[in-house]
Engineer: 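One structure, as structure tokens, below. Some questions next.
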Amino acid sequence: MTRLLKKSKICFMENTQIAHIFEHMAEMLELKGGNQFRVRAYQNTARALNNLSERVEDMVQAGSDLSKLPNIGKSSAEKIKEIVETGTCKRLQELKSEIPESLTELIQIPQLGARKVKLINDKLGVESVEDLETACKEHRVRELEGMGAKTEENILKGIQTVQAASGRTMLKEALEQVNAIGRLLEERTEISQWQVAGSFRRQRETVGDLDILVESTDRNATADSILGSDLVEDVIGSGQQKVSVRLYGGLQVDFRFFEKDAFGAALMYFTGSKSHNIAVRQRAIESGWKLNEYGLFEDNKQIGGKTEEDIYRSLDMSWVPPELREDAGEIEAAVNGELPCLVEQSQMYGDLHCHTVASDGKNTIEEMAFAAKARGYEYLGICDHSKAVSVANGLDEERILKHASDIREVSEKFRDFRIMAGIEVDILKDGTLDLDEEVLSQLDWVTASTHFHLNLSSEDMTKRLLKAIKSGVVNCIGHPFARQIGRRDPIIFDVDEVFSACADYGVCLEINSQPERLDLLDVYCRKAKEAGIKMVISTDAHTADDLDFMRFGIGIARRGWLEKDDILNTRPQNDLAAFLEGDKFC
DNA sequence: GCCGTTTTCGGCCCGACTGTTTTCAGTCG
């Protein structure tokens with residue numbers, strides 16, 4: 001947090017940074033023992049900010065009334081304005097003066113909530129993770145009321161988990177674990193169905209844990225097989241309804257047992273998101289019903305719950321794809337029959353961004369082409385790096401022309417498949433492109449990306465991107481925000497201006513499917529669609545296997561409410577060629 | 001702190017598990 005606040009003095013406040021402040025205030029207020037509904041209100045404000053596609057700072061500067069936004073009232077609107085203008089707010093400073101800020105680190109530890117942290121702080125003076133670890137090892141925690149030896153043990157385990165996992169797991173790793181768990185569950189004959197729920201099913205870019213629902217005719221046998229699995233490092237808990245384990249690598253998995261009649265209700269409940277569930281449950285209440293993980297009930301009679309579809313139908317709504325369940329407009333759309341028909345992997349005709357051994361890829365043109373064709377594609381765009389990315393052996397003008405010639409020669413050998421000679425040209429600090437525009441105009445597909453000088457001011461970064469977009473030789477902006485999850489924050493620019501220029505100049509935006517990038521963010525997918533921009537879902541593959549990253553990009557596109565027609569590479573080869581000729585199909 | 005077809009007060013999702021104590025509080029999702 002200190003880092004964020006310092007940063008705000010030298011650059012613009014992003015929505016996520018402001019949201020962090022509200023999350024932080026919620027934590028501190030909870031630690032202080034403040035009103036739980038006020039805590040939730042701060043959390044809701046943080047969520048609302050994260051779901052917003054507009055930059056809230058721009059809205060403040062434009063004089064917009066923020067209290068018109070859902071879950072943001074007069075008080076929060078004033079705080080947001082104050083944060084934008086000063087980098088902090090009085091309420092945060094007050095809370096900091098009342099509660100040691102370091103305590104917020106302690107509530108990140110599993111099994112440790114605000115009340116226990118407060119008790120441990122009050123009675124033992126523990127203020128840091130290190131203090132807590134020492135107190136547990138010296139058996140001082142067990143002396144407190146409501147605490148015991150087991151609590152100490154769990155806290156020590158929790159500290160290990162937090163330190164080892166350092167937060168959330170990226171979707172790619174989670175997928176690997178799901179596949180391993182799937183192999184285990186598929187072998188069990190007593191299991192009639194199982195499903196992964198939670199943020200994994202919603203295709204969030206990272207997951208905190210895995211929620212797996214199981215219908216089993218013999219829960220004890222299933223639980224034993226899970227607890228005895230080689231995947232499991234540690235057992236967190238085990239009962240008739242739920243088995244919780246920690247896998248090697250630190251990821252927590254909760255297996256929850258449900259009967260057939262409740263499976264749909266459980267799937268819905270544990271898929272979340274929390275705010276979507278609350279909204280749907282509220283709708284049930286309005287009909288005089290009760291909705292929980294066991295079904296939809298009228299008085300005590302179950303009237304639905306076997307499938308998600310029957311619950312949504314009972315509530316007079318369309319079934320909502322999991323990726324949309326964020327309480328970001330999907331409830332209203334489902335009620336009005338206006339949900340989008342989301343893009344699917346089977347609709348992809350090609351991949352327009354991959355690398356070869358010519359720069360920093362691991363496979364040849366032929367190998368990448370065979371791999372793409374094997375995935376059912378009609379075309380593959382090869383976009384190696386340009387010379388500015390010297391560490392990746394980027395190509396200069398002479399090498400790219402030779403490379404393009406090689407690509408076209410290989411392409412001739414394929415039937416019903418085209419390899420496009422492209423480039424991932426660097427957008428230099430001042431917005432000029434890293435290769436001669438005359439050379440670029442000879443290529444089939446030009447993706448332009450930023451890799452260096454990522455800390456420019458919003459004004460300079462906007463100018464830089466606009467210059468590239470308006471060059472007339474660029475087809476697509478690669479990984480537009482240049483962020484890397486958990487490692488590098490997004491670059492900052494005037495989104496409205498840049499998106500508007502993309503729409504005017506027919507430049508696409510890439511949805512980069514690399515698991516650590518996933519860039520565009522979902523909220524910007526929606527915004528880009530509204531701006532009338534075509535998007536391209538690309539893998540940025542550096543090996544043939546990386547072409548499978550497409551599923552992660554599809555997930556983000558779906559979270560961004562995108563449909564087939566919003567995506568250029570859902571088009572067959574002929575349509576793509578027509579688009580490149582300037583035919584702006586709808 | 002937010003919200004409103006019961007609108008300026010009063011309600012805000014709710015059930016399972018754990019660890020503790022022995023009937024319940026805290027945590028989690």
Side-chain angles (χ1 to χ4, degrees), chain A residues 22 25-26 29-31 33-48 66-80 89 91 95 106-120 141-155 157-158 161 197-202 207-213 219 223 235-245 252-258 262 265-286 289-297 325 327:
Chain A
F22 277 90
M25 288 196 292
L29 189 60
E30 204 178 5
L31 284 164
N35 182 312
Q36 56 166 319
F37 298 109
R38 189 172 293 172
V39 171
R40 194 185 297 170
Y42 286 161
Q43 290 168 341
N44 287 340
T45 298
R47 197 177 301 117
L66 299 177
S67 69
K68 293 260 186 332
L69 296 169
N71 288 316
I72 297 177
K74 189 163 167 281
S75 173
S76 288
E78 280 170 10
K79 288 188 180 67
I80 292 169
C89 67
R91 186 80 187 101
L95 287 165
L106 300 184
I107 51 174
Q108 311 304 328
I109 295 168
Q111 319 298 318
L112 212 49
R115 286 175 188 272
K116 281 187 185 168
V117 168
K118 189 164 186 300
L119 181 69
I120 292 170
V141 172
R142 68 177 65 178
E143 303 300 326
L144 302 177
E145 192 183 347
M147 306 280 188
K150 192 74 184 171
T151 310
E152 276 180 348
E153 199 183 311
N154 283 340
I155 290 173
K157 274 186 190 170
T161 302
S199 46
F200 181 86
R201 185 164 180 243
R202 301 203 312 280
V207 301
D209 61 10
L210 287 176
D211 296 293
I212 298 183
L213 309 187
R219 295 184 179 188
V235 178
I236 298 164
S238 177
Q240 271 300 297
Q241 312 295 330
K242 174 183 166 188
V243 173
S244 287
V245 298
Q252 181 175 329
V253 188
D254 295 335
F255 296 87
R256 296 169 190 276
F257 295 107
F258 286 93
L267 185 57
M268 192 168 159
Y269 187 90
F270 286 104
T271 295
S273 65
K274 192 171 176 177
S275 46
H276 176 86
N277 282 353
I278 289 172
V280 175
R281 186 175 292 219
Q282 189 58 42
R283 201 168 158 77
I285 291 169
E286 284 162 12
W289 299 330
K290 185 173 78 168
L291 177 63
N292 60 26
E293 61 266 53
Y294 298 105
L296 184 62
F297 297 89
R325 299 184 196 173
D327 194 20

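Just so we're on the same page: letters track the sequence lines, and every chain starts at 1.
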Engineer: Classify every nucleotide of nucleotides 6-14 of chain B by which part a protein heavy atom approaches to under 4.0 Å, writing B for the base, S for the sugar-phosphate alone and - for neither, in 5'-to-3' order.
Structural biologist: ------BBB
Engineer: Once you apply the 3.5 Å cut-off to both distances, tell me the Watson-Crick or G-U wobble partner of B/dT8, or none.
Structural biologist: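 None - no nucleotide pairs with B/dT8, as no candidate has both distances under 3.5 Å.
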Engineer: If you count the non-hydrogen atoms of other residues, nucleotides and ligands that lie under 6.0 Å from CZ in A/Arg219, is the total more than 12?
Structural biologist: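 More than 12 within 6.0 Å, yes.
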Engineer: Distances under 3.5 Å between protein N/O atoms and the N/O atoms of nucleotides 25-28 of chain B, please, pair by pair.
Structural biologist:
unit_1, atom_1, unit_2, atom_2, d
B/dT27, OP1, A/Gly113, N, 2.7
B/dT27, OP1, A/Gly113, O, 3.0
B/dT27, OP1, A/Lys116, N, 3.0
B/dT27, OP2, A/Arg115, N, 3.4
B/dT27, O5', A/Gly113, N, 3.4
B/dC28, OP1, A/Gln111, N, 2.7

Engineer: Quantified in whole Å, what is the C1' atom distance between nucleotide B/dC13 and nucleotide B/dT8?
Structural biologist: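 The same atom, C1', in both gives a distance of 25 Å.
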Engineer: Is A/Asn154 close enough to B/dG19 that one of its side-chain N or O atoms is under 4.0 Å from OP1 or OP2 there?
Structural biologist: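 For B/dG19, OP1 or OP2 has a side-chain N or O of A/Asn154 closer than 4.0 Å.
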Engineer: A/Ser199 near the nucleic acid: base, sugar-phosphate alone, or nothing, with a heavy-atom cut-off under 4.0 Å?
Structural biologist: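 Nothing, no heavy atom under 4.0 Å.
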Engineer: Given the C1' atoms of B/dT20 and B/dT27, what is the spacing between them in whole Å?
Structural biologist: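 After rounding to an integer number of Å, I get 13 Å for this pair.
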Engineer: Would you find a donor on one side and an acceptor on the other, under 3.5 Å apart, between the side chain of A/Ser76 and the backbone of A/Ile72?
Structural biologist: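 Here the side-chain-to-backbone pair does not exist.
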Engineer: 5'-most contact on DNA chain B: A/Tyr42 or A/Gln240, nearest heavy atom basis?
Structural biologist: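 Its nucleotide being nearer the 5' end, the pick is A/Tyr42.
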Engineer: Under 4.0 Å, heavy atoms only, any strand: does A/Lys79 hit a base, just the sugar-phosphate, or nothing?
Structural biologist: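 Contact class for A/Lys79: sugar-phosphate only.
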Engineer: A/Lys157 has an atom NZ; how far is it from atom C1' of B/dT18, in whole Å?
Structural biologist: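 Distance, rounded to whole Å: 13 Å.
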Engineer: Could you pull out all residues at least two apart from A/Arg47 that satisfy side chain to side chain contact (heavy atoms under 4.5 Å, CB included)?
Structural biologist: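 Applying side chain to side chain contact (heavy atoms under 4.5 Å, CB included) to A/Arg47 gives A/Asn44, A/Asn51, A/Ser275.
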Engineer: Could you list the residues that satisfy salt bridge (charged side-chain N to carboxylate O under 4.0 Å, His left out) with A/Arg281, not counting sequence neighbours?
Structural biologist: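 So A/Arg281 forms no salt bridge (charged side-chain N to carboxylate O under 4.0 Å, His left out) with any residue.
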Engineer: Among all residues two or more places apart in sequence or in another chain, which pass the side-chain hydrogen bond (donor to acceptor under 3.5 Å, both in side chains) test with A/Arg202?
Structural biologist: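 Testing A/Arg202 for side-chain hydrogen bond (donor to acceptor under 3.5 Å, both in side chains), a comparison that skips the adjacent residues, returns A/Glu326.
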Engineer: Distance check needed: B/dG29 P versus A/Gln241 CD, whole Å only.
Structural biologist: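 Value for this atom pair: 17 Å.
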Engineer: Looking at A/Ser238 and A/Val243, would you say the former's side chain and the latter's main chain have a donor-acceptor pair under 3.5 Å?
Structural biologist: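 Side chain of A/Ser238 to backbone of A/Val243: no pair is present.
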Engineer: Compile the donor-acceptor pairs under 3.5 Å between side chains in residues 142-151 of chain A and protein atoms, sequence neighbours left out, one pair per line.
Structural biologist:
unit_1, atom_1, unit_2, atom_2, d
A/Arg142, NE, A/Glu152, OE1, 2.8
A/Arg142, NH2, A/His139, ND1, 3.0
A/Arg142, NH2, A/Glu152, OE1, 3.0
A/Thr151, OG1, A/Gly148, N, 3.3

Engineer: Over how many whole Å does the gap from A/Leu66 atom CG to B/dG1 atom C1' extend?
Structural biologist: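 For the pair A/Leu66 CG and B/dG1 C1', the rounded distance is 15 Å.
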Engineer: Would you compute the distance between atom CD1 of A/Ile236 and atom CG of A/Asn154 and round it to the nearest 0.5 angstrom?
Structural biologist: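 Going from the CD1 atom of A/Ile236 to the CG atom of A/Asn154 covers 9.0 Å.
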Engineer: According to salt bridge (charged side-chain N to carboxylate O under 4.0 Å, His left out), who are the partners of A/Lys74, at least two apart in sequence or on a separate chain?
Structural biologist: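 Salt bridge (charged side-chain N to carboxylate O under 4.0 Å, His left out) list for A/Lys74, sorted by chain: A/Glu78.
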Engineer: For A/Gln43 and B/dG1, give me the distance from atom CD to atom P, rounded to whole Å.
Structural biologist: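 Taking CD of A/Gln43 and P of B/dG1, I get 14 Å after rounding.
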Engineer: Taking only residues two or more places apart in sequence or in another chain, which ones pass salt bridge (charged side-chain N to carboxylate O under 4.0 Å, His left out) with A/Asp254?
Structural biologist: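 If we apply the salt bridge (charged side-chain N to carboxylate O under 4.0 Å, His left out) test to A/Asp254, skipping adjacent residues, the hits are A/Arg256.
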Engineer: Go through the structure and list residues passing ring pair (Phe, Tyr, Trp, His ring centres under 6.0 Å) with A/Tyr294, not counting sequence neighbours.
Structural biologist: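 A/Phe258.
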Engineer: When you compare B/dT21 with B/dG26, how far apart are their C1' atoms, in angstrom units rounded to a whole number?
Structural biologist: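 14 Å, rounded to whole Å.
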Engineer: Please determine whether a side-chain nitrogen or oxygen atom of A/Ser75 lies at a distance below 4.0 Å from atom OP1 or OP2 of B/dG1.
Structural biologist: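 Affirmative; the distance criterion is met.
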Engineer: Look at all strands and tell whether A/Ala149 reaches a base, only sugar-phosphate, or nothing, counting heavy atoms closer than 4.0 Å.
Structural biologist: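 The answer is sugar-phosphate, as A/Ala149 gets under 4.0 Å only of primed atoms, P, OP1 or OP2.
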Engineer: For the C1' atoms, the ones on B/dT5 and on B/dG1, what distance do you get once it is rounded to whole angstrom?
Structural biologist: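 After rounding to an integer number of Å, I get 23 Å for this pair.
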Engineer: Using whole Å, what does the distance between atom P of nucleotide B/dG15 and atom OH of A/Tyr294 come to?
Structural biologist: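 Distance, rounded to whole Å: 9 Å.
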Engineer: Please measure how far the C1' atom in B/dT7 lies from the corresponding atom in B/dC2, and state the result in whole Å.
Structural biologist: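 The same atom, C1', in both gives a distance of 13 Å.
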Engineer: Rounded to the Å, how far apart are A/His276 NE2 and B/dG29 P?
Structural biologist: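 A/His276 atom NE2 is separated from B/dG29 atom P by 19 Å.
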Engineer: Describe the nucleic acid contact of A/Asp211 in one word from base, sugar-phosphate, nothing, applying a heavy-atom distance below 4.0 Å.
Structural biologist: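 If one applies the 4.0 Å heavy-atom cut-off, A/Asp211 turns out to touch the sugar-phosphate alone, with no base involved.
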Engineer: Does A/Thr151 place a side-chain N or O at less than 4.0 Å from the phosphate oxygens OP1/OP2 of B/dT20?
Structural biologist: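 For B/dT20, OP1 or OP2 has a side-chain N or O of A/Thr151 closer than 4.0 Å.
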Engineer: Quickly work out the A/Arg256 CZ to B/dT18 P distance and round it to whole Å.
Structural biologist: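 Roughly 11 Å, once rounded to whole Å.
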Engineer: Can you tell me, in whole Å, how much space there is between the C1' of B/dT6 and that of B/dC12?
Structural biologist: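 One C1' to the other, the span is 16 Å.
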Engineer: Could you check how far CD of A/Gln36 sits from P of B/dC2, rounded to whole Å?
Structural biologist: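 For the pair A/Gln36 CD and B/dC2 P, the rounded distance is 16 Å.
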